[in-house]
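A, B, ... follow the sequence lines: proteins, then strands. Residue 1 opens every chain.
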Number of protein chains: 2
Amino acid sequence: MLGEFEYLLLTAAAQLGEDAYGAAIRQEIEDATRGRCSIGALYTTLDRLETKGLVRTWMGDPTPQRGGRPKRMVRVTAKGVRAARDFHAAVMRASRGVSWASNRVGTQP
Amino acid sequence: MLGEFEYLLLTAAAQLGEDAYGAAIRQEIEDATRGRCSIGALYTTLDRLETKGLVRTWMGDPTPQRGGRPKRMVRVTAKGVRAARDFHAAVMRASRGVSWASNRVGTQP
DNA sequence: TGATTACTATCACATTGTGATTCTAATGGC
DNA sequence: GCCATTAGAATCACAATGTGATAGTAATCA
């Protein structure tokens, strides 16, 4: 199955669409998790997702702005979407009826 | 942060309440994920969650039924509930607006 | 030309997940 | 009492994932 961080990365990339690249994804993840996205996790996970075929990456055109190492652009593949959907479904499914998953208080002993 | 499997375990244990013990949790997880819960993951993760203070475990009373090594009973601690809530929130938060998270089709390129 | 900026990459290490196999303690039938 | 049967726990060497400090690279600005 997908790891949690892999899921966050896929989600961020999907959300960014055309504008998905390393640093932007990092920003997005830090937003979602309130600040924790190690840079090592980012690029190693990106590599792993790519070898698994869940994303496709390529080096972008030379940046038109100050400071400009070429961006590593990212696109989530169909397979990646499927994997993300499965992860999401599994978490949702597991969380049904549990106290922290809704505003309805569950059957906490 | 919590790993995915750790979350599944916490959730299953919470759901089982009074009846949470190793084998039952395994059953619950296999239900939620449609069949994948390695036994190794179960007990090592249980140990890790306990040392982190997210669950409390103790050996139960000698079983009244056929086949009976004492059950390892499990209870999610307040800290565990907090950790699970955070994980869930992070996944929810990250998933906002993404195509696979709702029936509404997102802005898929 | 060199300071500054935006970004990617690496690597040794820590943490998490795996599954085949073994161990334990209870019961039921004889 | 004896042992087959059963429910369940534990182990361990290994695989997969996540981390962060540090360094590299290519562009612009003054």
Side-chain angles (χ1 to χ4, degrees), chain A residues 1-10 12-13 16 19-30 32-33 35-55 57-74 83 87 90 94, chain B residues 1-10 12-13 16 19-30 32-33 35-55 57-74 83 87 90 94:
Chain A
M1 193 184 267
L2 231 43
E4 181 209 353
F5 189 79
E6 296 178 308
Y7 177 73
L8 291 178
L9 206 162
L10 282 179
L16 287 165
D19 306 320
Y21 65 92
I25 290 174
R26 183 146 117 101
Q27 197 54 53
E28 191 80 8
I29 292 177
E30 297 202 321
T33 60
R36 286 162 293 80
C37 174
S38 78
I39 179 130
L42 187 71
Y43 290 103
T44 52
T45 301
L46 207 47
D47 288 347
R48 284 168 193 159
L49 288 179
E50 186 157 34
T51 64
K52 286 193 207 171
L54 304 187
V55 300
T57 78
W58 67 97
M59 291 324 259
D61 44 341
T63 348
Q65 278 152 327
R66 175 74 168 277
R69 183 167 188 172
K71 296 171 178 171
R72 161 123 81 140
M73 309 305 292
V74 177
F87 178 97
Chain B
M1 191 183 265
L2 230 45
E4 181 210 353
F5 190 78
E6 295 178 308
Y7 177 74
L8 291 177
L9 205 162
L10 282 178
L16 287 165
D19 306 320
Y21 65 93
I25 290 174
R26 182 146 118 100
Q27 197 54 52
E28 192 79 8
I29 292 178
E30 297 203 320
T33 61
R36 284 163 294 81
C37 174
S38 77
I39 180 129
L42 187 72
Y43 290 103
T44 53
T45 301
L46 208 48
D47 289 348
R48 285 169 194 157
L49 288 178
E50 185 156 34
T51 65
K52 288 193 205 170
L54 304 186
V55 299
T57 77
W58 67 97
M59 292 322 261
D61 44 341
T63 348
Q65 278 150 326
R66 174 74 168 276
R69 186 169 186 171
K71 295 172 179 171
R72 162 125 80 141
M73 308 307 290
V74 177
F87 178 96

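Nearer to the 5' terminus of DNA chain C, by closest-nucleotide assignment, is the contact made by A:Met73 (compared with the other of A:Thr44 and A:Met73).
Note on A:Ala23: only backbone sugar-phosphate atoms sit closer than 4.0 angstrom, heavy atoms only; bases stay farther off. B:Tyr43 comes within 4.0 angstrom of a base, heavy atoms only.
Counting atom types as modelled, A:Arg36 pairs no side-chain N or O with a base atom of D:dG18 as donor and acceptor under 3.5 Å.
Across B:Met73 and B:Gly60, no two heavy atoms sit closer than the pair CG-CA, 3.8 Å. The nearest pair of heavy atoms linking B:Glu6 to B:Lys52 is OE2-NZ, 2.9 Å. Contact between A:Leu10 and A:Leu54 at its shortest, heavy atoms only, is CD2-O, 3.9 Å. Taking all atoms of both residues into account, the shortest heavy-atom contact from A:Leu9 to A:Leu42 is CD1-O, 3.8 Å. Closest approach of B:Ala13 and B:Ala20 over heavy atoms only: O-CB, 3.6 Å.
When the P atom of D:dG18 is taken as reference, atom CD of B:Glu6 falls 12 Å away, rounded to whole Å. In this entry the distance linking CG of B:Asp47 with C1' of C:dG17 reads 13 Å, nearest Å. A straight line from CD1 of B:Ile25 to P of D:dA10 spans 12 Å, rounded to a whole angstrom. Look at CG on B:Asp19: it is 12 Å from P on D:dG8, rounded to the nearest Å. Put simply, CE on A:Met59 is 12 Å from C1' on C:dA6, counting in whole angstrom units. In this structure, A:Leu46 places its CG atom 13 Å from C1' of C:dC7, rounding to the nearest Å. Atom OH in B:Tyr7 sits about 24 Å away from atom P in C:dT15, given to the nearest Å.
Side-chain N/O atoms of B:Thr45 include one lying less than 4.0 angstrom from OP1 or OP2 on C:dG17.
For the atom pair B:Met59 CE and B:Arg72 CZ, the distance stands at 7.0 Å (nearest 0.5 Å).
Closest contact between the side chain of B:Lys71 and the listed nucleotides D:dG20, D:dA9, C:dG17 involves D:dA9.
With hydrogens and angles ignored, the 3.5 Å screen pairs a side-chain donor or acceptor of A:Glu50 with a backbone N or O of A:Thr57.
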Look for any protein N or O under 3.5 Å of an N or O in nucleotides 22-24 of chain D and output each such pair with its distance, or none.
{"from": "D:dG24", "atom 1": "N2", "to": "A:Arg69", "atom 2": "NH1", "distance (Å)": "2.2"}
{"from": "D:dG24", "atom 1": "N3", "to": "A:Arg69", "atom 2": "NH1", "distance (Å)": "2.9"}

